[in-house]
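The structure appears below as structure tokens.
Heads up: numbering here begins at 1 and tracks the sequence.
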Amino acid sequence: IYIPFVVIDLIVASVLLAVLQTVEPVYAAAPWFFGSFETVSIVIFGLEYALRLWSCWEDPAVNSRFRFMLQPIMLLDLAVLVLPLYFDLRPLRILRLLRLGR
């Protein structure tokens, strides 16, 4: 399994399900599925974020992980990962598409 393809597929599936979730009859048919998928995707995105942060060593003498974490794309990834856990920001999930630009 090539990990970037799994993440890309998960991003596309997450956005599609976020769109389908806005259709009331579709959501009413299986609300547990949408919730479960969201939980699993957040866990996978969190692991992927942590692995990117862990593997970004440039210079051990400098706090390169902190600099890497402050890059705009990493801040966006963190916001898309964390904010939906605390707030009901379903439209924010669409921002996951920006990750495909990398």
Task: Closest approach of Leu75 to Met69 (non-hydrogen atoms, all atoms of both residues) - done: CD2-O, 3.5 Å
TODO: Examine Phe66 and Tyr49 and state if one hydrophobic cluster contains both, with Ile, Leu, Val, Met, Phe, Trp and Tyr joined whenever side-chain heavy atoms are less than 4.5 Å apart.
DONE: yes
TODO: To the nearest 0.5 angstrom, please state how far the CG atom of Leu81 sits from the CD1 atom of Ile44.
DONE: 12.0 Å
Task: For Ala30, side-chain contact (heavy atoms from CB on, under 4.5 Å) partners two or more places apart - done: Trp32, Phe33
Task: Shortest non-hydrogen contact from Phe37 toward Ser14 - done: CE2-CA, 3.7 Å
- [ ] Output all residues satisfying side-chain contact (heavy atoms from CB on, under 4.5 Å) with Leu20, sequence neighbours left out; order by chain, then residue number.
- [x] Leu17, Val26, Phe34
- [ ] Indicate, with yes or no, if Leu70 and Leu76 share a hydrophobic cluster defined by side-chain heavy-atom contacts under 4.5 Å among Ile, Leu, Val, Met, Phe, Trp and Tyr.
- [x] yes
TODO: Could you walk me through whether Asp77 and Phe45 pass the side-chain contact (heavy atoms from CB on, under 4.5 Å) test, one step at a time?
DONE: CA-CA 9 Å; Asp77 285 350; Phe45 287 141; over 6 Å; no
- [ ] Give the minimum heavy-atom separation between Phe68 and Arg52, together with the two atoms involved.
- [x] CE2-O, 3.7 Å
- [ ] Decide whether Val7 and Ile73 are clustered together by the hydrophobic rule: side chain heavy atoms of Ile, Leu, Val, Met, Phe, Trp, Tyr closer than 4.5 Å, transitively.
- [x] yes
- [ ] Please check if Leu51 and Leu78 belong to a single hydrophobic cluster, counting links between Ile, Leu, Val, Met, Phe, Trp and Tyr side chain heavy atoms closer than 4.5 Å.
- [x] no
